[in-house]
Asker: 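A single structure is presented below for examination.
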Amino acid sequence: VNPILTGHNGGAVAPLTGRRARSEKDSMRTNGPSIDTFLAKKMGCKPFLFMPTGYSGGNLCISFNDAGDRIPYEFEPMQTYTSWFASLTPNAGADPSAAAKRNAELAVLKSVNADAKRLRDRLAAPERQKMEAHLDALALIERGLTKPVIVTCDKPAKPSSTDPEKLRGNLGLAMEMAARMFACDLTRVATIILGMGQSMPWLGLGSVKIHDDIAHGYRPNDDASARRLSKVQRWHSEQVARFI
């Protein structure tokens, strides 16, 4: 078994790069950028890279620069707030020109829809079915245009040392700030590590260690082992849903 491919270091290299570590002795670096930094460079923005606090594996950041060196992640919400939002002047709401454009598109769509309905009534049955499908597609587009879209750029609440999210590694705070960064067009790229380290007391799993006992200790034929791992994976999935 090649430790470059299966060990912790090599395993952290591959997900966002599609590459291997340079060598067994140089397993913390690779030979090119990760997709997040590549895309950020293409779009001319700084990527938001965050890893929760309290995780001993902080050297396993999975983002790399063009030279293949690991890029340190942010981990303190107050520092993130200061560096990303301190000088931001929020807008007063959605861009009025965007609303005007949407209204113009709706007007065109309604006109096309009316013409299509008039034509449908004059068609034979086979052709009428095709037109019905076309009208269904137009209806989907119209629903998409009329659905309220919130694009307001607001500063997030300023983090504090008493934030309840401290217990969960500040992950919720990081996701909230990432969402505001997108809304304010401060960046178009974010990588947030969901790993909480060894302890997730809010899951009620007792004194077992998340990484050592549950992840490495998983046994497919052991129901108790599978239930513990499922609780962890469900929580991670819920965080992705929460962010979206």
Side-chain angles (χ1 to χ4, degrees), residues 8-9 11-17 34-37 39-40 45-64 70-86 88 90 150 152-218 227-244:
H8 284 160
N9 295 350
V13 167
L16 296 185
T17 67
S34 50
I35 191 170
D36 48 3
T37 58
L39 290 174
C45 65
K46 174 186 175 183
F48 174 52
L49 310 174
F50 188 91
M51 174 175 283
T53 57
Y55 180 42
S56 60
N59 60 340
L60 292 183
C61 300
I62 60 174
S63 298
F64 297 79
R70 291 179 190 268
I71 300 175
Y73 280 19
E74 299 181 37
F75 59 88
E76 175 50 55
M78 179 54 76
Q79 292 179 1
T80 295
Y81 179 87
T82 301
S83 61
W84 287 88
F85 296 101
L88 175 69
I150 300 173
T152 304
C153 167
D154 293 317
K155 283 187 179 182
K158 191 173 184 179
S160 72
S161 59
T162 59
D163 243 309
E165 279 293 342
K166 283 283 184 182
L167 173 66
R168 304 188 183 189
N170 297 316
L171 179 60
L173 294 175
M175 291 193 296
E176 171 66 18
M177 287 193 281
R180 301 298 179 96
M181 290 174 193
F182 288 153
C184 296
D185 203 21
L186 297 176
T187 187
R188 308 312 306 162
V189 178
T191 298
I192 301 175
I193 301 296
L194 297 184
M196 292 290 102
Q198 294 283 23
S199 177
M200 295 169 69
W202 56 90
L203 292 184
L205 295 170
S207 59
V208 294
K209 295 180 178 180
I210 302 297
H211 182 83
D212 295 347
D213 300 331
I214 294 181
H216 278 296
Y218 169 65
R227 281 195 297 271
R228 287 197 299 266
L229 185 61
S230 293
K231 283 186 177 181
V232 176
Q233 292 178 330
R234 178 185 178 118
W235 186 84
H236 282 101
S237 300
E238 288 171 347
Q239 305 319 300
V240 175
R242 172 185 176 184
F243 178 74
I244 293 171

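All residue numbers refer to positions in the sequence shown, counting from 1.
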Asker: With sequence neighbours excluded, what pairs up with Arg228 under the salt bridge (charged side-chain N to carboxylate O under 4.0 Å, His left out) test?
Answerer: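 Per chain and number, Arg228 pairs via salt bridge (charged side-chain N to carboxylate O under 4.0 Å, His left out) with no residue.
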Asker: Any heavy-atom pair between the side chains of Cys153 and Leu88 that's under 4.5 Å?
Answerer: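 SC-SC contact between Leu88 and Cys153 confirmed.
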Asker: Between atom CE of Met51 and atom CZ of Phe75, what is the distance when rounded to the nearest 0.5 Å?
Answerer: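 Spacing of CE (Met51) from CZ (Phe75) equals 11.0 Å.
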Asker: Of all the heavy-atom pairs spanning Phe243 and Met175, show the shortest one and how long it is.
Answerer: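 Nearest pair, atom of Phe243 first, then Met175: CE1-O, 3.4 Å.
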Asker: Is the shortest heavy-atom distance from the side chain of Lys209 to the side chain of Ile214 under 4.5 Å?
Answerer: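 Side-chain contact under 4.5 Å: no.
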Asker: Drop me the distance from Thr191's OG1 to Phe50's CZ, to the nearest 0.5 angstrom.
Answerer: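 The CZ atom of Phe50 is 13.0 Å from OG1 of Thr191, to the nearest 0.5 Å.
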Asker: Could you check whether any side-chain heavy atom of Ile62 comes within less than 4.5 Å of a side-chain heavy atom of Tyr73, counting everything from C-beta outward?
Answerer: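 Answer yes - side chains close enough.
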Asker: Under 6.0 Å from the six-membered ring centre of Trp84 and within 45° of its axis: does the NZ or CZ of Lys155 meet both?
Answerer: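 No, Lys155 does not sit over the ring of Trp84.
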Asker: Would you give the length of the straight line joining atom CD of Glu74 to atom CD1 of Ile192, rounded to the nearest 0.5 angstrom?
Answerer: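 Taking CD in Glu74 and CD1 in Ile192, the distance rounds to 10.0 Å.
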Asker: Can you confirm whether Thr17 sits close enough to Ile35 that some side-chain heavy atom of one is under 4.5 Å from a side-chain heavy atom of the other?
Answerer: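 They are not in side-chain contact.
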Asker: Would you give the length of the straight line joining atom OG of Ser34 to atom CG of Leu49, rounded to the nearest 0.5 angstrom?
Answerer: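 It is 7.5 Å, given to the nearest 0.5 Å.
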Asker: What class does the angle between the rings of Trp235 and Trp202 fall in, given that below 30° is parallel, 30 to 60° is tilted and above 60° is perpendicular?
Answerer: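 Rings of Trp235 and Trp202: tilted, 30 to 60°.
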Asker: Flag the pair Glu176 and Arg180 as a salt bridge only when some basic side-chain nitrogen lies within less than 4.0 angstrom of an acidic carboxylate oxygen.
Answerer: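 Salt bridge: yes.
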Asker: For the atom pair CD1 (Ile193) and SG (Cys61), what is the distance rounded to the nearest 0.5 Å?
Answerer: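 Nearest 0.5 Å value for the CD1-SG distance: 7.0 Å.
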Asker: Going from OG on Ser83 to CD on Glu76, what distance comes out if it is rounded to the nearest 0.5 angstrom?
Answerer: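 It is 11.0 Å, given to the nearest 0.5 Å.
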Asker: Check whether any side-chain heavy atom of Ile71 lies under 4.5 Å from a side-chain heavy atom of Phe64, and answer yes or no.
Answerer: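 A side-chain contact is absent here, since even the closest heavy-atom pair is not under 4.5 Å.
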